[in-house]
Amino acid sequence: MPRLFLLCLVAILGLAASGVVRAADRPGFLRDGTLTVCTNPTLPPMTFINGNDLSALDGFDIDLARALARYWHVAARFETMDFAGMFPSLAAGRCDLVISGVLKQRAREKLFDAVPYLESSPVVVSNGSAKPVTSFDALAGQTLAMQSGTSYAARIETINKDLVARNLPPIVIQQYPSEDQVVQQVLLGRTRNFLSQDVELFYRSAQLGDRVRVIFTPRMPDYEELAIYLRKEGQERAALTRAIDALRRDGTLERLEHKWNVGASARNALGVTTSRRRFDMPVFLSALFSRAFLKGALMTLVIALASHAMAILISLPIALKLNAPRSLWHPFLSLYVGVFRGAPTLLQLLFIWNALPQFFPIFHESWFSPFLATWICLSINESAYQVEINRAALRAIDPGQMAGGEALGMTTGQIYRHVIFPQALRVALPPTINEFISLLKTTSLASVISLQELLFVTQTQVARSFQFTEYYAAALVYYLAMVFVFLHIQKHIEKRFVWASRNGGGAHDA
Amino acid sequence: MTPNSPPDPQAAISIRKMSKFYGDFLALDRISIDIARGEKIVVLGPSGSGKSTFIRTLNRIEPHDSGVLMIDGAIVDETTGLTELRGAVGMVFQNYNLFPHLTVLENCTLAPRLVRRAHREATEALARQYLAQVGILEQAEKFPIALSGGQQQRVAIARALCMAPDVILFDEPTAALDPEAIKDVIGIIDTLAERGITIICVTHEMGFARHIADRVLFMDRGCLIETAPPDRFFTAPGTERAKQFLAQLIHHE
Ligand SMILES: Nc1ncnc2c1ncn2[C@@H]1O[C@H](COP(=O)(O)OP(=O)(O)O)[C@@H](O)[C@H]1O
Ligand SMILES: [Mg+2]
């Protein structure tokens with residue numbers, strides 16, 4: 001009887017300790033009732049998109065974020081974006097935490113707080129037939145691929161200094177924007193070795209099998225723990241540490257390690273023979289007809305159309321002003337055109353997405369979506385090019401047309417609407433379609449600010465499945481199909497303007 | 001009429017000391033004249049003398065800078081409604097200035113529809129009537145590019161007529177045409193004259209000037225130098241410059 005009573009007491013106390021979190025224990029960033037997490041879902045098994053549904057985030061980090069949200073009794077929300085965009089977004093307040101398989105590193109901790117949640121280890125991986133080595137000396141003079149945006153390169157540079165000091169050739173560093181591309185370089189035989197973290201590699205063992213092998217596990221102090229990052233604010237770090245500890249105590253973390261195969265036992269899976277095919281037709285076809293690719297292509301088309309439509313609206317008054325006799329407006333409009341034609345589009349996207357919120361805080365609220373940011377950026381950018389097309393087209397119209405309209409008592413507005421624009425359209429349309437085709441391809445840059453357009457979809461699918469050729473081919477088919485449609489339209493547009501050709505100069509429907 | 005007398009409200013057009021500058025360049029120099037309703041005026045003068053500028057001030061495509069311009073008894077200045085003014089004073093250009101993207105019929109109906117807000121059927125019926133008058137009704141559905149120069153100029157005249165103007169300004173209407181077409185267009189202008197429309201025509205066609213003009217205006221360097229009936233102007237010009245001009249012209253022909 002006393003034992004039963006004691007058991008009940010323990011159970012009740014346990015419930016109180018684990019299930020109920022006192023308000024004081026909650027980090028301040030949960031005030032809005034949601035835990036917003038920035039993640040770059042191209043890093044399986046930590047964070048990735050599972051399957052063809054783009055909203056289906058999955059992975060250790062995703063589960064961890066959900067467990068944290070449950071622990072704090074709030075809803076979890078994810079902001080997916082490029083790796084390079086995550087920390088600026090965290091700083092801008094667009095999310096509360098970065099959980100994205102990011103290493104705990106001192107350099108980052110100067111700017112952000114970090115709470116570790118998983119042990120990891122750097123690994124040097126080579127092709128399946130390579131022999132194990134015991135130090136970086138053995139890699140002297142060889143190429144080593146790694147992901148850009150990480151601090152691997154800086155770390156290898158310090159090793160190189162040491163190598164050079166001892167009269168050894170330095171390691172040749174090659175950086176690629178995503179982990180899957182890094183691995184691919186070794187598979188292709190372009191580079192001998194790559195540097196990665198073991199957790200990623202284990203997950204890929206099914207696809208990689210005996211094609212790669214870990215040849216070296218260096219001791220690198222800054223590369224041995226994955227951490228959650230957060231802004232340095234008040235007691236947030238302590239609250240998060242308590243939450244992680246609680247999840248470790250109640251077995252949640254261990255369960256997740258098991259589920260996602262990131263424990264030490266996973267290492268053995270590498271080296272197992274796998275069969276591989278050059279081009280997996282069924283994978284290609286299923287990608288081609290998947291909802292994800294269709295939605296990605298649609299997004300590409302919609303953002304390009306919306307941006308170009310807006311660009312034309314913006315560029316028309318500018319072109320008219322610039323074609324008119326010189327006025328006060330001229331230098332400003334010329335500056336506008338110059339700046340937006342001069343600056344790289346990628347830089348403009350990153351600026352609008354990451355720098356703007358630092359000047360104007362309202363831009364890190366959730367209404368300012370990647371779509372909106374891309375739309376604004378590409379509209380402005382494209383308008384600078386469209387101004388020149390419109391100016392040339394308007395200049396091509398005989399000034400007598402204006403005089404002719406005026407002499408009939410038409411207002412300037414009526415003359416533009418009914419006389420000048422319809423004729424200028426004919427001149428402007430072919431180069432405008434050229435611009436549009438180019439814009440259609442430029443939209444792929446918006447993947448860096450996580451717009452889920454065609455290239456973004458492709459990258460997430462590749463990161464998950466490792467089947468480059470098939471997914472790249474599917475993306476190519478979509479891009480080419482869209483471009484060919486518009487090239488076709490362009491080719492036939494001339495025929496629409498019957499009035500401009502002498503032999504076709506009959507009635508409208510001639 | 002003297003330059004200092006008040007403008008005549010009874011005249012179709014009454015002008016006193018009207019000047020026009022292009023920047024520092026004096027393009028029209030104190031022009032004064034009265035033009036009666038139904039009068040046919042031919043404006044002559046060497047190239048660059050300001051003939052086009054002069055007739056363009058009359059429908060305010062080029063606003064004048066000083067002096068008085070009175071049309072149909074009303075002073076024309078920056079407060080004048082341009083739509084009404086241009087409805088009353090039509091214009092035909094040397095290069096026709098037809099709208100190439102519209103059919104002949106649409107060229108004629110566009111302004112009446114937009115400016116007068118007239119009904120489609122009514123404007124089309126009227127346009128067909130004028131196109132028939134200038135002899136190109138069968139071309140109504142074609143685009144201007146498919147027409148000869150003479151046909152295009154006839155469309156331009158029909159287009160001006162569709163606004164039912166009291167005055168039509170012609171700026172060298174036959175200068176871009178071959179001799180056959182010139183005859184056609186002159187014939188059409190002649191019929192307008194018979195219907196009592198006031199006509200002011202810049203031209204180098206001496207035969208035309210002699211045939212229809214009530215008066216010839218001779219311009220040089222922005223000034224109106226001589227105003228005379230054609231027989232007197234061509235046989236006994238009153239100024240040395242007009243003599244030179246005519247001598248040169250005969251030399252050319
Ligand atoms: N828009 C303008 N700006 C400046 N100068 C002009 C303009 N239009 C005409 N001119 C000048 O005014 C003078 C008269 O031109 P214009 O009336 O066209 O002569 P005409 O028709 O008798 O040949 C010319 O010297 C011409 O160069
Ligand atoms: Mg002229």
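Proteins come first, then strands; the chains are lettered A, B, ... in the order of their sequence lines, and each starts at number 1. Remember, it's a predicted structure, so these values are computed and weren't measured experimentally.
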Are the side chains of [Y] and [X] in contact, using a 4.5 Å heavy-atom criterion?
X         : Y         : result
Arg86(B)  : Leu408(A) : no
Met410(A) : Leu110(B) : yes
Thr411(A) : Leu114(B) : no

Shortest non-hydrogen separation from Val419(A) to Phe99(B) and the atoms involved |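 So the two residues come closest at CG1-CD2, 3.5 Å.
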Heavy-atom pair with the smallest gap, counting every atom of Ala407(A) and Met91(B) =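 That closest heavy-atom pairing would be CB-CB, 3.8 Å.
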For [X], does the [atom1] atom sit with more than 12 other heavy atoms under 6.0 Å from it, leaving out its own atoms?
X         : atom1 : result
His119(B) : NE2   : no
Arg395(A) : CZ    : yes
His492(A) : NE2   : yes
Tyr22(B)  : OH    : yes
Glu138(B) : CD    : yes

Nearest 0.5 Å, what's the OG1-CH2 distance between Thr103(B) and Trp499(A)?
->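 If we round to the nearest 0.5 Å, Thr103(B):OG1 and Trp499(A):CH2 are 13.0 Å apart.
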How many angstroms lie between CG in Asn95(B) and CD in Gln401(A), if you round to the nearest 0.5 Å?
->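 Here the rounded value is 10.5 Å.
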N/O donor-acceptor pair under 3.5 Å between [X] side chain and [Y] backbone:
X         : Y         : answer
Asn97(B)  : Gly400(A) : yes
Glu406(A) : Arg60(B)  : no
His101(B) : Ile420(A) : no

Pairs of heavy atoms under 4.5 Å with chain A: top-ranked of Val89(B), Leu169(B), Thr83(B), Val115(B) =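 Of Val89(B), Leu169(B), Thr83(B), Val115(B), Val115(B) has the most heavy-atom pairs under 4.5 Å with chain A.
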Checking heavy atoms, do the side chain of Val92(B), its backbone, both or neither come under 4.5 Å from chain A?
->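 Neither part.
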Portion of Leu98(B) that has a non-hydrogen atom of chain A nearer than 4.5 angstrom |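 It is the backbone, since no side chain atom gets that close.
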Full working for side-chain contact (heavy atoms from CB on, under 4.5 Å) between Leu102(B) and His418(A) | CA-CA 10 Å; Leu102(B) 301 179; His418(A) 295 279; over 6 Å; no
Partners meeting side-chain contact (heavy atoms from CB on, under 4.5 Å) with Ala373(A) (sequence neighbours left out) |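 Expected list: Ile352(A), Trp353(A), Phe368(A), Ile449(A).
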Let me have the donor-acceptor pairs involving side chains of residues 191-203 of chain B, under 3.5 Å, with sequence neighbours excluded, atom names and distances please.
unit_1: Thr191(B); atom_1: OG1; unit_2: Ile188(B); atom_2: O; d: 2.5
unit_1: Arg195(B); atom_1: NH2; unit_2: Gln133(B); atom_2: OE1; d: 2.9
unit_1: Thr198(B); atom_1: OG1; unit_2: Gly38(B); atom_2: N; d: 2.9
unit_1: Thr203(B); atom_1: OG1; unit_2: Glu205(B); atom_2: N; d: 3.0

